[in-house]
Novice: 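Input: one structure, supplied below.
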Amino acid sequence: MAGIHRRLRWLIAAEDALVAALRRLQSFANTLTPRHQPLRKPMFNAPWTTLATAFLLLSAGSADAQQPGAANLERVAVAGRRAEVSSWFRAESQRFVVYSDTREEDVTPLLGNLEKLDHLLRIYTQPVRPSEPQQAKLTLYYHAGLSGLREVDDSGPADAVGLYSSSACGVQGFGVHLERIPNLADRELEKSPLNDSLSHVFEAYARHFLYRHTDIRAPASFIEGFAQYFSSVRFSEQQMALGRSPHAIARYLKFLGDGHKYSLEWEDVLEGRLANARNYAGDAGVRLEFEAKSWLLTHYMMSSEDNRKRMGRYLQFVGGGASPTVAFERAFDMKTADMGAVLWRYGLRGTQVLRVEHPALPAARVSFRTLPLAAGELLLADAALKSCPGRQTGQALLKKVARLADRFPDSDAARLTLSRAQIDWGDAQQALSRLEAVLRDDDANLEAQYLAGMARLRLAGRSEGEARRGQLQAAQRHLQRASGLSRQSPEATLALFKAEVAASETPDDAALQGVISAWQAARDVDAVGRSAALAHAYAGNADEAYRTLGSLVQDPRDPPMVQWARQWQARLETGVSRADILAEMRSIDAPDVPLKEWTIDKQSVLQKVERNSGLEAAESFIKEQQRQSQGLQPQNNPGGGAEKR
């Protein structure tokens, strides 16, 4: 009953906030072209559920929006001979840091378009995003070819062209340059061919944006549909076009419409049931069908004011614990058995594309910096280490980094990367000696301070008594210094929280608030969410703790975390002591599991689907001809037809 009463109190307060928010939003919604009305109905476990109904709140620019214009470029070159400079360079804009081995003229339009997409997504989610502290810039790697992506992580699907990896070690995105990104004029937004490089990067960023900035974790079909919907948005300097059909998705839906076998019922799409489905192209083809149908469903839900309101209720019901199927039927007054006919008719009429005027679209302010040869040689190994690899991969990386570091004995980049590898997979004491040498020359080196703190934490875990206490105190000093150098680093903040919880009988308010703020700034790292939930509970904020656990419960990507969060929701309902919470804070020392979001080249998968479908039809035709030559009766539906596989 206590939990129910807490929920009711929160809902009453939320309704008051809703009324005030609606009034503020209504005051500027009338300026939109086309006009859309916002809706906000938060729930206890899902304050994000109104995201869809804030569609295109594009009247006012963000605080850092600029007048449109060419990107402002700045270049910094390292000193030294050309042979000592890497082919990799660093580019930075307002919200992104990009490392690339392409060309500056390839990265400039990428950053220009990403800044605009980020601006759009922030406006779109403004009514539902929690208050965020200033955030660290997101680091992206933009590879000249697929080999670079595989060098970082070769465990992905065969047709992978992008990856986001989120863990306590770091949050990073990886994409591949496939073709040059053009600058578009207003008249080209709706008709120009969709650039594959940009579509893949936009899809990945839109998907990850929901994980990073909201508590949305379900339904999977909405997250995927959202990513596909925004993959095809295109920008000019002052306009944008939304709702275009991604090429491979349109072709796959036509492929199904032509009578070929399908893999997923609409209830399978709603529930995210892909595991046992069969397709012409195997698992990759099943995924393509899921993405295509999720895009069509999301496009339909966003297509009218009434549908957007229904989508808000749909997401609200899911956030409240209803299954996606039940939630959809309740919100849309439609049986899942009727979805196929409704969405087929919707797609047949043609999906609407909206061209919107928005003069406040930001222009990217881009600075470039060349990298020393040592930094470039170790760049991808460092990125792989920050992705929290498994033991076998981690130990192989340690050997690789040690060999590379021997080539560059005077490079701080080599020292730092080798230290990171040793802390995780080798001798933390050796790493500490190397890091202390770096810090003697540069006490303000953020990464060196953070890694020195992590080395001390590792050594404390192997010590007892006064030795352990001394290591923890040293770890606190290093991590406090790192946090002071950048309060935007969730990795440093989480490490500091662990050090202070281990070292103190009673964690102070600053330690608790630090990890809570880190979660607000990095909702894509479940390890931070786990510590933030416990910090809220320890501080007596039961509702906030329960809500944070609710976000973890709904994330199907990490089953052990889901189980842990459910257990702690139950414990909060029945009551738990601060001593038990503190013990749980101190007991968390399991290796962090990275959450990976792969982006697939749909065009490549579609070609496999079409080829294998043709081969299957040909084989079926030949068999049928053989039957008839033997005087046998023809089989029904030779060669396929609109059946489920």
Side-chain angles (χ1 to χ4, degrees), residues 167-170 382 385-386 388 391 394-395 397-398 401-402 405 412 415-487 489-515 518 525 527-528 530-532 534-535 538 579 581-592:
S167 70
C169 306
D382 190 64
L385 288 166
K386 291 177 181 176
C388 287
R391 174 171 295 279
Q395 291 175 342
L397 281 169
L398 173 58
V401 169
D412 279 353
R415 294 188 185 105
L416 292 173
T417 301
L418 179 56
S419 296
R420 182 183 292 275
Q422 287 179 323
I423 291 167
D424 291 341
W425 307 107
D427 187 345
Q429 185 61 58
Q430 286 187 18
L432 185 61
S433 301
R434 187 177 295 104
L435 291 166
E436 287 174 342
V438 174
L439 289 172
R440 281 195 294 271
D441 295 333
D442 182 10
D443 182 62
N445 189 311
L446 169 62
E447 187 170 4
Q449 291 286 4
Y450 164 69
L451 290 174
M454 291 300 297
R456 293 287 188 181
L457 278 178
R458 292 281 192 275
L459 294 171
R462 305 168 192 167
S463 307
E464 295 180 355
E466 286 298 321
R468 180 176 184 275
R469 188 175 298 109
Q471 294 287 5
L472 288 173
Q473 290 172 348
Q476 286 177 286
R477 289 194 297 271
H478 284 297
L479 293 169
Q480 285 168 351
R481 175 66 170 142
S483 181
L485 290 168
S486 175
R487 298 191 180 279
S489 169
E491 299 87 2
T493 303
L494 178 61
L496 176 59
F497 176 74
K498 291 180 177 180
E500 296 197 344
V501 164
S504 307
E505 290 298 325
T506 304
D508 61 22
D509 291 341
L512 300 175
Q513 188 55 49
V515 76
V525 180
V528 178
R530 175 177 54 196
S531 293
L534 293 172
Y538 191 84
I581 297 169
L582 182 59
E584 184 68 17
M585 290 177 179
R586 290 172 172 167
S587 69
I588 297 174
D589 196 27
D592 189 35

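Quick note: residue numbers are just sequence positions, from 1.
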Novice: For the residue pair R586 and A502, what are the closest heavy atoms and their distance?
Specialist: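 Looking at all heavy atoms of both residues, the closest pair is NE-CA, 4.4 Å.
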
Novice: CD/E584 to OG/S531 distance, rounded to the nearest 0.5 angstrom?
Specialist: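 Atom-to-atom, E584:CD and S531:OG are 10.0 Å apart.
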
Novice: Show the nearest heavy-atom pair for residues G453 and A475, with the distance to one decimal.
Specialist: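 It is O-CB, 3.6 Å.
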
Novice: Not counting sequence neighbours, which residues clear side chain to side chain contact (heavy atoms under 4.5 Å, CB included) with C388? List them please.
Specialist: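 Scan of C388 (side chain to side chain contact (heavy atoms under 4.5 Å, CB included), adjacent residues dropped) gives S167, C169, D592, P594.
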
Novice: What heavy-atom pair brings A518 and T493 nearest, and what distance separates the two atoms?
Specialist: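 Looks like CB-CG2, 3.8 Å.
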
Novice: Are the side chain of Q422 and the backbone N or O of L398 linked by a donor-acceptor pair below 3.5 Å?
Specialist: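 Not confirmed, Q422 side chain does not pair with L398 backbone.
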
Novice: Roughly how far, to the nearest 0.5 Å, is the OH atom of Y538 from the CG atom of L512?
Specialist: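 Reported value, rounded in 0.5 Å steps: 7.5 Å.
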
Novice: Name the one of L432, L457, L435 that satisfies side chain to side chain contact (heavy atoms under 4.5 Å, CB included) with I423?
Specialist: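 One option only clears the test, and that one is L435.
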
Novice: Do the side chains of L534 and V501 get nearer than 4.5 Å, heavy atoms only?
Specialist: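 In short, these two side chains do not touch, never coming nearer than 4.5 Å.
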
Novice: Working to the nearest 0.5 angstrom, can you tell me the gap between L446 CG and L451 CG?
Specialist: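 Result: 9.0 Å between the selected atoms.
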
Novice: One pair to check against side chain to side chain contact (heavy atoms under 4.5 Å, CB included): V528 and F497. What are the steps and the verdict?
Specialist: CA-CA 10 Å; V528 178; F497 176 74; over 6 Å; no

Novice: Give, for atom NE2 of H478 and atom CD of Q473, the distance between the pair rounded to the nearest 0.5 Å.
Specialist: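 Output value for this atom pair is 12.5 Å.
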
Novice: To check you understand the geometry: which heavy-atom pair defines the closest contact between A482 and Q449, and what is its length?
Specialist: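 Nearest pair, atom of A482 first, then Q449: CB-CB, 4.0 Å.
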
Novice: Not counting sequence neighbours, which residues clear side chain to side chain contact (heavy atoms under 4.5 Å, CB included) with E491? List them please.
Specialist: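 Side chain to side chain contact (heavy atoms under 4.5 Å, CB included) list for E491, sorted by chain: Y450, S489.
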
Novice: Please determine whether side chain to side chain contact (heavy atoms under 4.5 Å, CB included) holds for the pair D382 and E447, giving the CA-CA distance in whole Å, both sets of side-chain angles, and the decisive distance to 0.1 Å.
Specialist: CA-CA 12 Å; D382 190 64; E447 187 170 4; 4.2 Å; yes

Novice: Would you check, one step at a time, whether the test salt bridge (charged side-chain N to carboxylate O under 4.0 Å, His left out) holds for R469 with E505?
Specialist: CA-CA 12 Å; R469 188 175 298 109; E505 290 298 325; over 6 Å; no

Novice: Looking only at heavy atoms, which two atoms of L479 and A492 are closest? And how far apart?
Specialist: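 In this case the closest contact between L479 and A492 is CD2-O, 4.4 Å.
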
Novice: Of all the heavy-atom pairs spanning A168 and A527, show the shortest one and how long it is.
Specialist: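 What the structure gives for the nearest pair is CB-CB, 4.1 Å.
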
Novice: Once you round to the nearest 0.5 Å, how far does CD of E464 lie from CD of Q471?
Specialist: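 If we round to the nearest 0.5 Å, E464:CD and Q471:CD are 13.0 Å apart.
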
Novice: Hey, is CG on D509 packed in by over 12 heavy atoms from elsewhere, all under 6.0 Å?
Specialist: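 Atom CG in D509 is not crowded, with 12 or fewer foreign heavy atoms closer than 6.0 Å.
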
Novice: Keeping S419 on the side-chain end and R415 on the backbone end, is there a donor-acceptor pair under 3.5 Å?
Specialist: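 Pair found, side chain donor or acceptor close to backbone of R415.
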
Novice: Take D424 and R420, measure what salt bridge (charged side-chain N to carboxylate O under 4.0 Å, His left out) needs, and give me the verdict at the end.
Specialist: CA-CA 6 Å; D424 291 341; R420 182 183 292 275; 5.5 Å; no

Novice: State the CD-CG distance between Q476 and L496, to the nearest 0.5 angstrom.
Specialist: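 If we round to the nearest 0.5 Å, Q476:CD and L496:CG are 7.0 Å apart.
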
Novice: So, using side chain to side chain contact (heavy atoms under 4.5 Å, CB included) as the criterion, who are the partners of A444 when residues are at least two apart?
Specialist: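 For A444 the side chain to side chain contact (heavy atoms under 4.5 Å, CB included) partners, ignoring immediate neighbours, are D442, R481, L485.
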
